[in-house]
Structure formats: C-alpha cells, structure tokens
Asker: 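This is the structure I have questions about; it appears just below.
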Amino acid sequence: MDLDRTTTALLAGLFDPRNAAAWEAFDLRYRPILVGFARNCGLKDNDANEIAQETIVRFVEEYRAGKYDRTRGRLGAWLVTIARYRMLDVKRRAGTARIARGDSAMVDLDDERSVSAAYEAERRQGLLREALEELRTKSRVDPKTVKAFEMLVYHSLSPAVVAEQLGISTHDVYLAKSRVAAKLREIVLRLESEYEETPGEWDAAGARPSDGLRA
Amino acid sequence: MSADQTAIGCGQYSRDELELAALARADAEVPVPAGVGEHIESCPVCRAIVDRFAADNAFLGEFVQVGRSRESSRSGSRAQAIAAEANLGPIAGYRLGDEIHRGGQGAVYRAEQLATRRTCAVKMLLRGRFASDRELVRFEREVEVVARMRHPSIVTLYESGVSRDDEPWFAMELVDGERLDVAVRARHASPREIAQLVKQVAEAVAYAHRRGVIHRDLKPGNILVDKDGVPRVLDFGLARADEDGEAAGNQVSPSAGATRAGEFLGTFAYAAPEQLAGDPNAIDTRCDLYALGVVLYECLAGRKPFEGARSIAELVEQKTHSAPERPSARNPAVDRDLDVIALRLLAADPARRYDTADALVEDLARYLDGRPILAREDSTLYVVGKTLRRHWLLSSTAAVLLVTIVASGIALAVAYARAERERARSERTLQGFREALGSANPESGKGSADISVDRFLGLIEENASDALKDEPNVLAGVLDTIGIVHLGFDDAKRAEPALQRALDERRELFNAGGCTALELAESLHNMGRLLILKNDLPAAEAAYREALAIRERDLGRDHRLALLTGRHLASCLRREQRIDEALAMYDALFRRASARPDYPPEEFAALRNGRAFIYFQNNQLELALAEFTGALEAVRRATGTDDDYRVGRSLFSIARVEDRLGRRDDALMHATAAQEILRKRKGGDAATVVDIEKLVSKLREPSKQ
C-alpha cells in the first residue's frame, strides 16, 4: 500500500492550507466521484460540477474547523450529506430537479439509502477506473493479455473470436481473463485500503455535518 | 500446448467447457455442454473451479460499465479507443472515443467513421433506466427529423443504426465548439455580435420551420458556436414533425404519438408559456420563437428573463402575466431595438410574437444594417391611430355614464374639470352653471356672483347630503365626484372629507349588500389618488391594490378601469422608488392596453409618461426620450391639436431629457414650443411655466465652452 495515498494521509495533509499536493490529490480522488454521483441524482453537468466543487470546499472547511471526526462516520457519508443538502437546494431552486431535466431522475434525494447507494456506486466506479488505468499503465501485464481481457469482457466477444483476432488459442484467452482478474483483484483490494472505505462499512446514520449546512 | 488446454480440474472436462458452465450461471442463454452440469454437482474440484470462474466473471463484469462511462474517466476512454482499434466497438464501422455529453436521452461520443476516417459524433440512446419504448420512438423521430435537414447552422446527420447491443445510435457531424451562452460570455460579445449569432440561429430555425419541423427544445446548450464563430443548432431530440406540415409539399411524417398530452418535454426556462401549460395542441413554431427570445434575452442581459420561480405554476404565472425587465436595464449597451425584438419574442400571447422565424431574421438583419426594425412595442401608434375614432365614441359614452351618477349639471362640470384640470375654464363653466342654477333656484342664485368652485361644491355636498339621505349609494357617488373635482385642483384638504365619507359609506353599503364591489373599487381608487396627493404612498398603494383586485376580478385585467387603476398603482410604486416593480407593471399594462383597440390614447400617453419618468430617473436618457416622444404622439392624437397644455408638458419633458443629453438645439426648440403653448394656457400649470422659462433661458445662454 502506498501510505501517502491513503485517505488518512490525504486528510492529514489537508490540515495544512499550504499543502497544495494534498488538496489536489483529494480533489482528484473525490471530485469525479461527486460529479458522477450528482449526475446520477439527476443534476445537469454544470450543476453537478458545481455541487462537487462546493462539497469539497465545504468539506475541507469543516474538516479544518475540526468538525469532521472520522470515528463518527465515514468520509463518504460525510461528503454525501453535504452534497445532498446542496442538491436539495438546487432542486428547490429549480422547482424539482426531475421536471427540470425533463426525464426521471434516478435517485430520490429524499431517500437517504438510495442516495448513499448512489454515492457508493460512483465511488466504486472511480476506484475501478483507477484500477483499470493501473492495470494498463503500471502493472507490467502483457498488453496482449490486457487486450484479450478487454475484448472478452468489455466487448462481450466470444473467446473464439478474440482468439482469432489476436492469433492465440481460446485457452490463452481464458488464461488472460484469469490473470487479469487476479491482477485487478489485487489492485482493487489495495485501492480499497487506500480509500479506507469498503462497502460493508457504511454508516449513513453515523455521520452528520453540522446543521448549519442548510442555511 | 499444455495438457490443461483440454482438461483442468479433475480432468474430465476442458477449460472451455467449465468456463461455459460458469458463464451459464449468469446467463441462461449460454449453452452448457452435455453432462457438465451434473458433473459439477458431484465433483468438488470442478465445482470450485467453476465457482472461481464465475466469481472472476462477476468481478470483471463490474468493469464493463467503467469502460463505457464518463468523460471524466481517462482510462475509460482509452478502453474504448483500444477496443475500437480492432473495429470491435459497440458500433461496427466506428471507433468510439471520449464521451462528449450525456443528456436526458443519451450519451454523445466523439467517434471516427473508420471507412472515411471522418471524425464525427455518435449519439447513443442509453439503455436500462434511461430508455423506454417512448424514448425509442423519440429517438427514431430525432433521426428522421435531423436527417432531412441540410443547413450551415444545423448539425448534419450522417447515418444511423443499431449497435451490437441493440442500442439505436446515429452519427452526426462533430462540432467543435462552445455552448452559445459560454461563447458569448467568453468573448464578451457585444449586443451586435449577439444579434448576429441569434440571427444565424433564427435562420436555421426558419429553415426547419419551412420543413414542418419544430425544434421545441432550443436553449444555449443546444446551440454550439464553432471555431469559425458559426452557431450550430443540435439535438433535435425533442423535435417532432409538425403535423400540419408545410404547404410546400414537403414530406412530413405524421406524429407517432411520441408526445403525450399534458406531458411537458421542453426545458423549463426556455419553454413558452403555452408549452409549459402542457397542451400539445398549443405548441407550434412560435414556441421556438419564444425560446429564441429567452436565448437572446439571456445573452444580452446576462440572465434569464424570469428567474426565481419556485414551481412550474409560478413560472407560468410569471411568463403569462408579468413582463420581463428590458435587457437594456441590465446591460446599458443594449439598444432599444434589441429590447423591442427580445420582448416581442417573449410575448406571452403567441399571436404577439413574430409571425415567423423569417420575420425575426428580417428584423435582426434590419437592426444589424442600421435600418429601422419592423417590430413595434405593443402599443403601436398605428394601432392607436387606427382606433382613434372608436375611442372618442367610447369616451363620450363614459361621460354619459358619469352624468347618470350625479345631477347633470354637476356631472358636466366634473367631466370638464377632469378633462382639463384648468381652473380658469372650470370657473367659466361654473359661471354658466351658476347662472343656470340661479335661474332654477332663486335662493342660491342671488348675490352669488363671486361664488368660488369650492363654495359651489360645498353647497352641492350639503344639499346632496340632505336630498340623498335615503339613497346612500347615490350620495356616495356624488361625494366621490365632488372629491375628484377637488383633486383636480390638487386640493387635498377639501377632497379628503368627501372622499373619506364616500369610501366609508361604500364599505358599509358593500358589507350590507347595498352596493357592488365595483362601486367600492371606485371609491378606493379615488382614495388612492387622494393619498398620493397627501404623499401617503403606502396607504395609497394599499387602496389601489384593493381597487385593482376588484376591478381585475369583476371586469377582467384588460378592462379600461382595471388598466387605469393599474397605471395609478404603477405610478405609486415609482414614487415609492420600487422602480423594478413599477417598470414591470408599466410594461404589463402596456401590453394589455395595446391589445385593446379602444384604449384611450391619453391613457397610452400617461403610461408612456410614467415609464419615461422611470427611465429618466434611471438616467436611461435615450429610452426616456423615446418614451416621452411616444407619449407626445399619443397626446397629439388624443387632443387632435398641438394647442393643448398636455402637449406643452410633453414637449417640456422632451426638452429636459435632451438638455441632459447635451442636445442643446433640440432642447431649445422643444422648450420654446412648450413655452408658447403653456403661456397661452396659463393657469393650472404656473409652476411648469416657470420651470420652462428657466430651462429656456439656460439654453439660450452662450455655450461655456
């Protein structure tokens, strides 16, 4: 595990306003998650970007003010609560977000469970993206193996077609799948530990930013 | 090749066979080789292997979504790029790149058409929770519609199809550009440049309209400004072929019912009020004109015309009943013609917008060429002039009505006093009446040569109170009228007892069912006038509001009396320095008044004067000048002569604005003309005459430069 990359390390770095690197790393990790999350809650791109930014800024303020206590709830739950209030604001301003978009929003903001689930799904996606990126760029797994995996899994091609395209046997294709699966598992496991948030540890009721947030 | 290529686990079955067994767990369609199922049940080794394969599959399955999602994912786009290299992407013949945009209906990807190496955009309908059968129909419609059109400002459709995953898609021209509003902001576009852009968009819309196609979802996000600065309209996702089609014989597909009655599709802020109301029959090409109006307005003013509504109902209410502030109020660089064009497009009533997008193009072209635009503000002098004759008829009817309220002699005097507000003439009239009265009533006629108006009215009040004891409603009417005459002489002290009594009487009567709400409203309106004179603005506002509510309720918002009270209220708001409210009110009144062909021109004049004063106060001198000039025209039409003190006052107002604008020659010309008129008709406007003298002598001073 890269200790500097853990959420704990990021948070420690965030205490220091001059630590631009910590800020950037934190932003890089959580902003895309929050943007995707807000979109899934039915916000338009602009609003989603804004919500993400506001949420991060707000969180860091609260955190520096000592309001966020990790023992009382997971970081994600905290972020979700901040973002949720912000989204409810946007929704109020726009009448209702559902109608404003002209389609049905997927997540009911009034339902905390589905909001938390939406965030978690987005967080997991972010993590998987990171894992995939790492597999391709840093893992030293043979590119052909990666390609076989992508064709097989991502494009749902039959092993026979993949084998033919790549000039290898179907067995190799399956082998590639197994290797990549093992590698990705390893990466994902490590990233999860860096994020320090595993799906089972959610405690939506535990974390509560201050009430002043609504104002 | 090693042995385990054909057999793994206990060795009875090949890897391929066990992989298939694993796949079959997640997908019932996968054929399981004969015997494998039973074997796994009984063989723990092979079962463990299949379990692991299935777990791998499930785990890797998570990445399928990741690979396809979001432009924020660098890795995801790379996955697509790699996949597409083998031409094995979701769409045959295309290499998909980054996701460019994700909207309500689908995602748009940057893509390459492999055969032509042409870069394009591919839009895919999202599956799962995004898609429904109705959306599918809509998607097909979109393809049909866009495919028919070729225009430099409309994004061209190349081809369409269905992906490997059975998802409908189409490829269109890729526009590398910014959203219109972003482009306008980034370039600090001048009103002229904005007009140029909107004109091009209007041309595209006109082109589509000629083909029976309504966009129905025009908004800045659907208009991209490309690198050459050309706006490009895209996303005809909500467009539907106009059922009525075009007479030009174009093929127009019939509506497939993609739009359900009552279903609202367009984007809120840009939707015309009739579109918001959800009646599909009300939607026509003029909805697009409205949307263009919002786009134009937003680009010019930097904000949307209606903001702050908390619900659709509220937004509809705003869009229907209030007029947005002029764009120039937000952005002084915007000139009057653009104000007029934008507000014209935003008319709540579709009939008051431009008739066609072509007409809008024409007016924008005229504006850009510096030629006069064809659109007029709602109260066109043309309309006024045309209906002048009808108006006179109506106002004499109104006079007759007045007569029935009070004794005929008083009524005539009052009518005269109201019309002229000139003490001298009233006195002369009074003289006649006094004589008439004297001959009819020897008692009051004797020795009354020096009777004043005040005394005269006092006498009437006394007599009426006595004579009309049993007719309290008629008495209230008389008292009201007497109060009005006093108001005509700006005499609050004498007006107050009469008007207060009239109002008290009417309130009591109304509660007891002895008079109508409209009669109460009349007294309230008059009370408002008194309170204005006393400078008790909040109380005046309250009285006007109550009167207005009654008149609008019982007569309709467009009734002359409702408009009259509305105008007084607007004037009151202006005095209270609630400029925005006042201006909005004036604009709304204006619209309603001009919808009435019989609206009195002097009322028009008063409306324009009121608005002009606001502009003057805001130091929007050009606008003020235009409004005062409009008011002057209306006054001239109303009086049919230049020889009227109201013409004089209008000229004086114009002169004052011109003086502030530094146009000395014009100011002097108009001030002198005003002076001539008002000197002849001295009396009621002594203060104004003095002010004009001052202005004229100041303007005659040699320039200090």
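Residue numbering restarts at 1 for every chain, and letters A, B, ... go by the order of the sequence lines.
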Asker: Tell me, please, which residues at least two apart from A:Ala131 pass side chain to side chain contact (heavy atoms under 4.5 Å, CB included).
Answerer: A:Leu184, A:Ile187, A:Val188, A:Leu191, B:Phe63
Asker: Show the nearest heavy-atom pair for residues B:Arg15 and A:Ser178, with the distance to one decimal.
Answerer: NH2-OG, 2.6 Å
Asker: Quick one: OH on A:Tyr174 to CG on B:Asp56, what's the gap to the nearest 0.5 Å?
Answerer: 12.5 Å
Asker: Please name all residues satisfying ring-ring contact (aromatic ring centres under 6.0 Å, His included) with A:Phe26, sequence neighbours left out, ordered by chain then number.
Answerer: A:Tyr30, A:Phe59
Asker: If you apply the rule side-chain contact (heavy atoms from CB on, under 4.5 Å), what do you find for A:Thr170 with B:Glu19, and how did you get there?
Answerer: CA-CA 11 Å; A:Thr170 54; B:Glu19 289 275 7; over 6 Å; no
Asker: Once rounded to the nearest 0.5 Å, what's the spacing between atom CZ of A:Phe149 and atom CG of B:Leu60?
Answerer: 5.5 Å
Asker: Measure A:Arg31 against the heavy atoms of chain B and call it side chain, backbone, both or neither at under 4.5 Å.
Answerer: neither
Asker: Of all the heavy-atom pairs spanning B:Phe59 and A:Arg124, show the shortest one and how long it is.
Answerer: CE1-NH2, 4.0 Å
